[in-house]
Amino acid sequence: MTVYFNGEFLDKGRVCVSPDDRGFLLADGVYEVIASYGGRFYMAEAHFARLSRSLAALRIAEPDLDRLRDVALTLLARNDLQQGHAKLYLQITRGVASRSHAFPEAPGPPTVYATVEAYTPPEQLWARGVHTILVPDIRWARCDIKSLALLPNVLASQRAKEAGAYDAIFVRDGVITEGSHTSICAVYAGELITHPLTHHILGGVTRDVVLDLCRRGDIPYRERPIPEETLCEADEVMLLGTTTGVMPVTSVGRQRIGDGRPGVLTLRLQRALHARMVGIEA
Ligand SMILES: Cc1ncc(COP(=O)(O)O)c(C=O)c1O
């Protein structure tokens, strides 16, 4: 597999990350994930804009993003992934420096790693819906930054796996924030509800697309917190994400959502999102 590392295209096995890399030592970095179909990246500008915001929030020098757009396309070509679905991971750290918590006095260049791999959309789960669990949101207060520091997400995701669930849904101060790697929406009497954009959630690109689909499809929506105790009273619940698409949630913990089958609005948004992606309307 050909990957990109600090200015070079090379075989993945030849990448050497320094033990002094601040990403390795301190999780001092950010990442981004972008899906492609038929050789084109979907919502690339929104993902690059979020990358730029994450880097600025952490005061990591921004690499040349135009160059990274070209790198992404070159990776698709070199890995023969110009047909069908693929996903790009971009990892950027504050670079290599001797260990100290504060920024290095004379910062070197950021470390930049990019890789693409084939990806199969979870069509069976889209049709069937998934089980989820609730977990306490023990993350920091800047969840809007797509930071490499994912330990609470890792632990939540592992708890979900051990419970036979697709994802764990975070609860902070009595409200539903988001999934361990997804945004979340609930539908009450035809109105879609999702957490507002605050520091307590990642501003999901898929969330933005779904709200746009609601506006264009005359589907009412509101951005307001969902109290934990009302989640299971929703007619429909869905998880959103770049690789998750629009995923129906049919149960949370021991409670069924609606009649335990994917909701009508969820399936409508799922189809509309997928059509946009494969039709490549950016
Ligand atoms: C915590 C969290 N929320 C939401 C999302 C969904 O974001 P996007 O739709 O941009 O993939 C992700 C994706 O990785 C995530 O990690």
Side-chain angles (χ1 to χ4, degrees), residues 27 29-37 41-55 57 72 85-92 115-117 119 121-122 126 130 132-161 165-172 175-186 192 194-214 221 223 225-226 237-247 249 266 269-270 272-274 276-277 282:
V30 301
Y31 76 109
E32 202 43 70
V33 187
I34 315 179
S36 73
Y37 179 76
F41 286 97
Y42 183 59
M43 297 296 290
E45 284 323 300
H47 285 280
F48 277 106
R50 183 170 66 190
L51 179 64
S52 189
R53 287 197 302 276
S54 295
L55 289 165
H85 294 272
K87 57 184 175 177
L88 167 81
Y89 278 85
L90 271 171
Q91 311 269 142
I92 302 177
T115 176
V116 288
E117 58 191 80
Y119 140 82
W126 283 349
V130 295
T132 58
I133 56 167
L134 296 180
V135 295
D137 196 341
I138 58 170
R139 297 175 301 164
W140 69 332
R142 288 304 306 272
C143 302
D144 57 311
I145 299 170
K146 204 162 165 65
S147 151
L148 292 182
L150 286 170
L151 258 189
N153 309 61
V154 167
L155 295 177
S157 196
Q158 180 60 22
R159 270 182 70 176
K161 187 174 170 190
Y166 175 82
D167 200 4
I169 298 168
F170 287 125
V171 182
R172 188 191 290 249
V175 305
I176 302 296
T177 51
E178 58 185 339
S180 76
H181 61 281
T182 52
S183 309
I184 183 166
C185 302
L192 183 135
T194 192
H195 197 285
L197 290 178
T198 66
H199 287 176
H200 286 171
I201 65 162
L202 182 74
V205 172
T206 316
R207 177 189 178 282
D208 279 352
V209 176
V210 163
L211 296 186
D212 184 55
L213 289 169
C214 285
Y221 73 86
E223 294 170 84
I226 302 167
V237 173
M238 64 194 91
L239 301 174
L240 313 176
T242 294
T243 54
T244 301
V246 177
M247 181 65 78
V249 172
T266 305
L269 289 168
Q270 182 188 87
L273 175 78
H274 194 61
R276 260 201 193 188
M277 189 182 160

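Each ligand, and each atom within it, is numbered from 1 in the order the structure gives. Quick note: numbers below take in every heavy atom, side chains included, and nothing from hydrogens, waters or symmetry partners.
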Between the protein and ligand 1, which nitrogen or oxygen pairs come in under 3.5 Å, and how far apart is each?
unit_1, atom_1, unit_2, atom_2, d
ligand 1, 3 (N), E178, OE1, 2.7
ligand 1, 3 (N), T182, O, 3.4
ligand 1, 9 (O), V205, N, 3.4
ligand 1, 9 (O), T206, N, 2.9
ligand 1, 9 (O), T206, OG1, 2.6
ligand 1, 10 (O), R50, NH1, 2.8
ligand 1, 10 (O), R50, NH2, 3.0
ligand 1, 10 (O), V205, N, 2.8
ligand 1, 11 (O), T242, N, 3.0
ligand 1, 11 (O), T242, OG1, 2.6
ligand 1, 14 (O), K146, NZ, 2.9

(request) Could you check whether the rings of Y166 and H181 sit parallel, tilted or perpendicular, using 30° and 60° as the cut-offs? (result)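 Because their plane-to-plane angle lies in the 30° to 60° range, the rings of Y166 and H181 count as tilted.
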
(message) In terms of relative ring orientation, are Y37 and H85 parallel, tilted or perpendicular, with 30° and 60° separating the classes?
(response)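 Y37 vs H85 ring planes: tilted.
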
(request) Identify whether the distance between the nearest side-chain nitrogen and carboxylate oxygen of D208 and R50 falls below 4.0 Å. (result)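 So D208 does not pair with R50 through a salt bridge.
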
(request) Give me the one residue out of L151, L150, T177 that meets side chain to side chain contact (heavy atoms under 4.5 Å, CB included) with R139. (result)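 In the set L151, L150, T177, the residue that makes a side chain to side chain contact (heavy atoms under 4.5 Å, CB included) with R139 is T177.
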
(request) In sequence, state the C-alpha distance, the side-chain angles, and the governing distance for W140 and S147, and then conclude on side chain to side chain contact (heavy atoms under 4.5 Å, CB included). (result) CA-CA 11 Å; W140 69 332; S147 151; 4.3 Å; yes

(request) Assess whether side chain to side chain contact (heavy atoms under 4.5 Å, CB included) is satisfied between L239 and I184, documenting all intermediate values. (result) CA-CA 5 Å; L239 301 174; I184 183 166; 4.1 Å; yes

